[in-house]
Amino acid sequence: MKILFLADEEVKSYWDFFRKEDFEDIDIIISCGDLSPSYLSFLTTMTSIPVLYVRGNHDDKYQMNPPEGCICIEDSLYKFNGVRIVGLGGCMRYNLGMNQYTEKEMEKRVKKLRRAIKWNKGVDIVVTHAPARGIHDGDDLCHQGFEVFNDLIREFQPKYFVHGHLHLSYGHQMSRKDMVGETCVINAYEKVIVEI
């Protein structure tokens with residue numbers, strides 16, 4: 001199964017110069033946040049491929065205008081063709097945005113998901129907006145990762161932990177993929193295709 005992960009910046013060729021053949025071997029599209037709701041609706045409409053999403057810190061507009069025809073996987077375990085996918089959007093609280101959380105608030109969200117993960121005998125893909133603390137994150141509060149995500153990786157060892165939020169265009173020497181134990185951690189900035 002091929003999964004197209006998107007985050008943070010719309011892919012201009014998908015949006016401005018859409019070609020259906022660019023998606024012919026993609027089974028599912030997953031947004032890691034901070035993308036226009038009309039962009040996600042456009043993709044699911046034009047491709048007929050399911051689009052799952054979590055919200056990013058700039059997605060307060062989803063409250064009034066969610067991506068039409070797409071599936072929000074916030075705080076849930078979603079199965080697609082047997083692949084178990086968990087979604088936890090948002091980032092570290094740095095102002096009064098709707099999709100921002102303290103470490104304690106994110107710990108509560110993860111705690112609620114643990115039962116579903118155990119009931120389903122694990123998780124294959126964890127989709128977040130913010131990274132895990134110390135892996136692809138930044139020093140400032142806005143771009144700091146969550147420590148509880150490291151606990152999630154250690155405890156359940158998903159095949160993939162995929163996040164957005166840290167733009168590879170920021171100019172820092174950031175890697176797109178790293179291994180943490182058995183888990184491949186991926187920064188989905190703009191787009192990444194994963195085969196599982």
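Index from 1, following the sequence. If you're wondering where the values come from, they're calculated on a predicted model, not measured in any experiment.
Listed by first then second residue, pairs satisfying salt bridge (Lys or Arg N to Asp or Glu O under 4.0 Å) with a partner in residues 29-46 number zero, not counting sequence neighbours. For residues 50-103, the set of pairs meeting the ring-ring contact (aromatic ring centres under 6.0 Å, His included) definition, not counting sequence neighbours, comprises Tyr53-Tyr62. The salt bridge (Lys or Arg N to Asp or Glu O under 4.0 Å) contacts involving residues 177-187 comprise nothing, where partners must be two or more places apart or lie in separate chains. A ring-ring contact (aromatic ring centres under 6.0 Å, His included) check over residues 102-136, counting only residues at least two apart or in different chains, returns the pairs His129-His165, His136-His163.
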Give the C-alpha distance, both sets of side-chain angles, the deciding distance and a yes or no for side chain to side chain contact (heavy atoms under 4.5 Å, CB included) between Ile3 and Ile193.
CA-CA 6 Å; Ile3 304 171; Ile193 296 173; over 6 Å; no
Dump the intermediate steps for side chain to side chain contact (heavy atoms under 4.5 Å, CB included) on Val162 and Thr128, then the final yes or no.
CA-CA 6 Å; Val162 187; Thr128 66; over 6 Å; no
Does Phe146 form a side chain to side chain contact (heavy atoms under 4.5 Å, CB included) with Glu103? I'd like the steps, not just the answer.
CA-CA 6 Å; Phe146 288 101; Glu103 183 72 37; 3.6 Å; yes
List the steps and the verdict of side chain to side chain contact (heavy atoms under 4.5 Å, CB included) for Leu52 and Val127.
CA-CA 10 Å; Leu52 310 181; Val127 177; over 6 Å; no
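In the hydrophobic cluster analysis, where Ile, Leu, Val, Met, Phe, Trp and Tyr join through side-chain heavy atoms closer than 4.5 angstrom, Met106 is grouped together with Val86. The hydrophobic clustering, which links ILVMFWY residues whose side-chain heavy atoms are closer than 4.5 Å, places Val11 and Met46 together. Under the 4.5 Å side-chain heavy-atom criterion for ILVMFWY residues, no single connected hydrophobic cluster contains both Ile28 and Leu43. One hydrophobic cluster holds both Phe161 and Val110 under the rule that ILVMFWY side chains link at heavy-atom gaps under 4.5 Å. Hydrophobic clustering (ILVMFWY, side-chain heavy atoms < 4.5 Å, transitive): Ile117 and Val185 are in one cluster.
Between Pro158 and Thr183, some side-chain heavy-atom pair lies under the 4.5 Å cut-off. In this structure the side chain of Tyr14 never reaches within 4.5 angstrom of the side chain of Arg19, judged on heavy atoms. Between Phe149 and Arg133, the closest side-chain pair of non-hydrogen atoms is not below 4.5 Å. In this structure, Leu166 and Pro131 have side chains that are in contact, with non-hydrogen atoms separated by less than 4.5 Å. Within the 4.5 Å cutoff, the side chain of Val194 has heavy atoms near those of the Phe5 side chain. Within the 4.5 Å cutoff, the side chain of Glu74 has heavy atoms near those of the Arg55 side chain. Contact annotation: the side chain of Asp27 approaches that of Met1 to within less than 4.5 Å [non-hydrogen atoms, C-beta and beyond]. For the pair Asp60/Asn99, a side-chain contact is recorded, criterion being any heavy-atom separation below 4.5 Å from C-beta on.
Between Thr44 and Glu68, the shortest heavy-atom contact is CG2-O, 3.8 Å. Closest of all the heavy-atom pairs between Glu105 and Thr102 is OE1-N, 2.8 Å. Closest approach of Ala188 to Val192, counting heavy atoms only: CA-CG2, 3.9 Å. The shortest heavy-atom contact between Ile125 and Val123 is O-CG2, 3.4 Å. Nearest heavy atom pair, residue Pro37 against residue Pro66, reads CB-C, 4.1 Å. The shortest non-hydrogen separation linking Asn57 to Cys91 is CB-SG, 3.4 Å.
Judged as a salt bridge (charged side-chain N to carboxylate O under 4.0 Å, His left out), and not counting sequence neighbours, the contacts of Asp124 are Arg84, Lys159. For Arg176, the salt bridge (charged side-chain N to carboxylate O under 4.0 Å, His left out) criterion is met by no residue, not counting sequence neighbours. Legend: residues meeting salt bridge (charged side-chain N to carboxylate O under 4.0 Å, His left out) with Asp59, ordered by chain and number and at least two apart, are Lys61. For Asp25, the side chain to side chain contact (heavy atoms under 4.5 Å, CB included) partners are Lys2, not counting sequence neighbours. Residues passing the salt bridge (charged side-chain N to carboxylate O under 4.0 Å, His left out) test with Glu10: none are found, sequence neighbours excluded. Residues that satisfy the side chain to side chain contact (heavy atoms under 4.5 Å, CB included) test with Thr47, not counting sequence neighbours, are Phe18, Phe23, Ile29, Ile49.
Here the straight-line distance linking atom OG of Ser175 with atom CD1 of Ile135 works out to 10.0 Å at 0.5 Å rounding. Atom CD of residue Gln157 and atom CG of residue Leu152 lie 11.5 Å apart, to the nearest 0.5 angstrom. Note: Lys104 NZ to Lys111 NZ = 10.5 Å, rounded to the nearest 0.5 Å. Here the CD atom belonging to Glu195 is positioned 9.0 Å from the CD1 atom belonging to Ile26, to the nearest 0.5 angstrom. Considering SG of Cys70 and CD1 of Ile30, their distance stands at 12.0 Å, rounded to 0.5 Å. To the nearest 0.5 angstrom, Ile153 atom CD1 is 14.0 Å from Tyr160 atom OH.
Hydrophobic side-chain contacts under 4.5 Å tie Met64 to no other Ile, Leu, Val, Met, Phe, Trp or Tyr residue. Hydrophobic side-chain contacts under 4.5 Å tie Leu96 to no other Ile, Leu, Val, Met, Phe, Trp or Tyr residue.
Here the two rings, on Tyr39 and Phe42, have centers that are 6.0 Å apart or farther.
Remark: Glu147 CD is packed, more than 12 non-hydrogen atoms of other residues, nucleotides or ligands lying under 6.0 Å away. A 6.0 Å sphere centred on CG of Asp139 holds no more than 12 heavy atoms belonging to other residues, nucleotides or ligands.
In terms of modelled atom types and a separation under 3.5 Å, the side chain of Asp137 and the main chain of Gly134 share a donor-acceptor contact. In this structure, Ser76 contributes its side chain and Ile73 its backbone to a donor-acceptor pair below 3.5 Å.
Considering Arg114, Arg109, Arg115 as possible partners of Asp75, the one that fulfils the salt bridge (Lys or Arg N to Asp or Glu O under 4.0 Å) test is Arg109.
Defined by atom type and a distance below 3.5 Å, a donor-acceptor pair is present between the side-chain atoms of Gln100 and Asn95.
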